[in-house]
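Below is one structure, written out as structure tokens; comments come after it.
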Amino acid sequence: MDGYAPPDSSSPAPEGGGDEEAQVIVVGAGPAGSATAVHLARAGLDVLLLEKSGFPREKVCGDGLTPRAVAQLVRMGVDISAAGWMRNRGIRWVCEGNQVELDWPPLGSLPDFGLTRSRHDFDQLLVAHAQAAGARLHTHVKVSAPLVDQAGCITGVTAFRGPDREPIRYRAPLVVAADGASARTAVALGLVRDASRPVAAAARRYYRSAVRTCDPYLELWADLRYPGTGQDLPGYGWVFPLGDGRVNVGLGALPQRRPVDLRAVLAHWLPRLPAEWGIKEENAASPLHSAPLPMGFNRRPQYRRGFLLVGDSGGMVSPWSGEGIAQAMEAAEVAAETIALAVARPAGPRREHALQQYPAEIHRRWGRYYRLGNLAGDLVFARHGFRPFLHPRVMASPALLRALTRLLTHVAEEPAHDRIDAVLHTLLRLVPPSRR
Ligand SMILES: Cc1cc2nc3c(=O)[nH]c(=O)nc-3n(C[C@H](O)[C@H](O)[C@H](O)COP(=O)(O)OP(=O)(O)OC[C@H]3O[C@@H](n4cnc5c(N)ncnc54)[C@H](O)[C@@H]3O)c2cc1C
């Protein structure tokens, strides 16, 4: 913004008087919002991060981070060698009595390990990182709607602050909606969900397990069934080690074709786990909580007149795996880079043209991958979960299982590192480009 003078980053939100201003407002301080704020602040922009909760706070999640997510943390300068991070070597697939461990591949462009960290700690750490980079954080501010001028361009947001829900306005010509699956800010602007794209349901519970808490693999179960009917769960189960005495145990499923009862499937599944793991009621360390997973770019457009969607608010969870943290942080980096380049231009059509590059870049990176994932979700996952892909012949073939795992987790690089990369790239090139 020409002639814009940022306020002192330590200044409190104004009491009643004039509206607080920023170059960019970010709504929501989950991984999408905090990562956007880190990158924007590092680019020298004045960014205001508005969060309805305080920190630390819980977020229902599996707490699993693949190498793509680790790469983003490293790019932001998060110290992942500090205490509290639990490293994993790869994935252990369990299906129909078989189990196979696969290490993350040794790619040049991604780390060869994953991490886990409870979202209670992870989100607090990331938001502190954003503040350290220079972002101004206001907690207990619940954004209710974007403010727009007569031409429909963004001018800020309206919100309620504090326990008394004091109405307040914040002003900025750019607003990043990173407010998660509820997508309240986008909905207020009329950006509705595309009902043809998947939304999964997932639930997790913490258990104390001295035996499994330092397991070096993320464990995925692909053969979960409903009690009584024996029908496949249209999803999968996980046991993720946290390294702090606990494991995160959960289930995710696509309810498109029939309703899913995650609690019943969990109750049916847990007795199958070896008794020495201790994953039973008396070792439960939390209630079972569930939340939706908006997938496959199910809210669009991802950019309109000063308003950008990042992370779950834009339905950016991978339709292949249900992973959303890496995707949220990667999209955040793209959004922040786009904004930084755009505000270097004078306000008007040239800046607008630069901002249009955000959805263009998101679709260049993931459009075909998500399109194919949406199709696989509809044809296979929503009927039988991962089980058909983990046929005993696939489980018995390390090459096939490696290729499948890299497809599901999007751990590949271009130019191709090996034959698996080459096959995945060829497969994706055959997919028609997705609608933006
Ligand atoms: C059970 C379950 C397990 C999962 N497991 C994994 C996993 O293991 N690995 C993985 O990568 N992904 C996982 N996911 C997906 C992952 O949790 C999300 O994709 C990720 O949190 C998206 O980040 P986000 O920042 O877009 O949204 P969120 O993390 O939802 O953050 C949104 C933030 O916005 C704030 N907010 C909301 N509304 C407002 C408002 N009106 N005003 C101000 N602030 C607001 C919220 O308080 C929150 O802090 C799982 C999801 C579920 C439900």
Side-chain angles (χ1 to χ4, degrees), residues 25-37 48-70 72 88 114-119 122-124 126-127 130 137-146 157-161 168 170 175-188 199-206 218 220 235-240 242 248-253 262 266 288-295 299 309-318 321-332 335 409-410:
I25 288 172
V26 179
V27 182
S34 290
T36 306
L48 184 58
L49 183 54
L50 303 176
E51 166 58 46
K52 69 175 181 183
S53 315
F55 290 95
R57 54 123 178 79
E58 292 292 344
K59 158 74 177 88
V60 181
C61 189
D63 306 328
L65 302 170
T66 59
R68 291 191 83 92
V70 179
Q72 285 302 315
N88 59 70
L115 291 168
T116 50
R117 181 112 196 205
S118 83
R119 293 291 297 274
F122 181 83
D123 288 29
Q124 183 177 29
L126 219 55
V127 79
L137 169 71
H138 292 330
T139 55
H140 304 290
V141 172
K142 185 168 184 176
V143 170
S144 46
V157 296
T158 55
F160 297 104
R161 180 171 62 181
I168 187 165
Y170 298 91
V175 169
V176 175
D179 47 359
S182 74
R184 187 188 175 107
T185 324
V187 171
V199 178
R204 69 96 173 96
R205 194 174 192 192
Y206 293 108
L218 299 175
L220 297 176
Y236 66 90
W238 68 80
V239 182
F240 289 172
L242 286 170
N248 181 319
V249 179
L251 300 171
L262 296 175
L266 189 76
L288 180 71
H289 283 305
S290 63
L293 283 163
M295 296 173 155
R299 198 176 303 273
L309 298 181
V310 178
D312 279 15
S313 71
M316 293 186 181
V317 172
S318 167
S321 63
E323 184 192 3
I325 301 172
Q327 293 70 7
M329 294 190 297
E330 282 190 48
T409 56
H410 210 185

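Owing to the predicted nature of the structure, the values given are computational and were not obtained by experimental measurement. Each ligand, and each atom within it, is numbered from 1 in the order the structure gives.
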Tell me: protein heavy atom nearest [atom], and distance?
atom                    : answer
atom 9 (N) of ligand 1  : G64 O, 2.8 Å
atom 41 (N) of ligand 1 : V143 O, 2.9 Å
atom 19 (O) of ligand 1 : D312 OD1, 2.7 Å
atom 1 (C) of ligand 1  : A202 CB, 3.3 Å

I need the atoms of ligand 1 closer than 4.0 Å to a non-hydrogen atom of [X], numbered in the order shown.
X    : value
K142 : 41 (N), 42 (N)
G28  : 33 (C), 34 (O), 35 (C), 44 (N)
R184 : 41 (N)
A203 : 1 (C)
L50  : 43 (C), 44 (N)
G30  : 25 (O), 31 (O), 33 (C), 49 (O)
S53  : 47 (O)
F240 : 8 (O)

Donor-acceptor side-chain pairing of [X] and [Y] below 3.5 angstrom:
X    : Y    : result
S144 : T158 : yes
T185 : D179 : yes
E323 : T66  : yes

contact_flag V141 ligand 1 heavy-atom lt 4.0 Å: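 Contact present.
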
Determine whether any heavy atom of R119 lies closer than 4.0 Å to an atom of ligand 1.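 A heavy atom of R119 does come that close to ligand 1.
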
Looking only at distances, please establish whether an N/O atom of ligand 1 is found under 3.5 Å from an N/O atom of [X].
X    : value
E51  : yes
S313 : no
G311 : no
P31  : yes
A291 : no
G324 : yes
G62  : yes

Proximity to ligand 1 by part of [X], non-hydrogen separation under 4.0 Å:
X    : value
R57  : side chain
V317 : side chain
Q327 : neither
D63  : backbone
A178 : backbone
E323 : both
T185 : neither

Exercise: identify the closest heavy-atom pair between [X] and [Y]:
X    : Y    : value
H140 : G54  : CE1-N, 3.4 Å
P294 : D312 : CG-O, 3.3 Å
R204 : C61  : CG-O, 3.2 Å
G252 : W238 : N-CZ3, 3.7 Å
M329 : A69  : CE-O, 3.5 Å
G322 : M295 : CA-CE, 3.7 Å

Salt bridge between D63 and R119, side-chain N to carboxylate O under 4.0 Å?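 Here D63 does not pair with R119 in a salt bridge, since their nearest N and O are not under 4.0 Å apart.
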
Is any side-chain heavy atom of [Y] closer than 4.5 Å to one of [X]?
X    : Y    : result
I325 : F122 : yes
L126 : F55  : no
R68  : T409 : no

Holding to side chain to side chain contact (heavy atoms under 4.5 Å, CB included), I want the full list of residues that pass it with V199, two or more places apart in sequence or in another chain.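 Scan of V199 (side chain to side chain contact (heavy atoms under 4.5 Å, CB included), adjacent residues dropped) gives R193, P292, N298.
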
Return yes if some donor-acceptor pair links the side-chain N/O of Q72 with the main-chain N/O of A326 below 3.5 Å, else return no. no

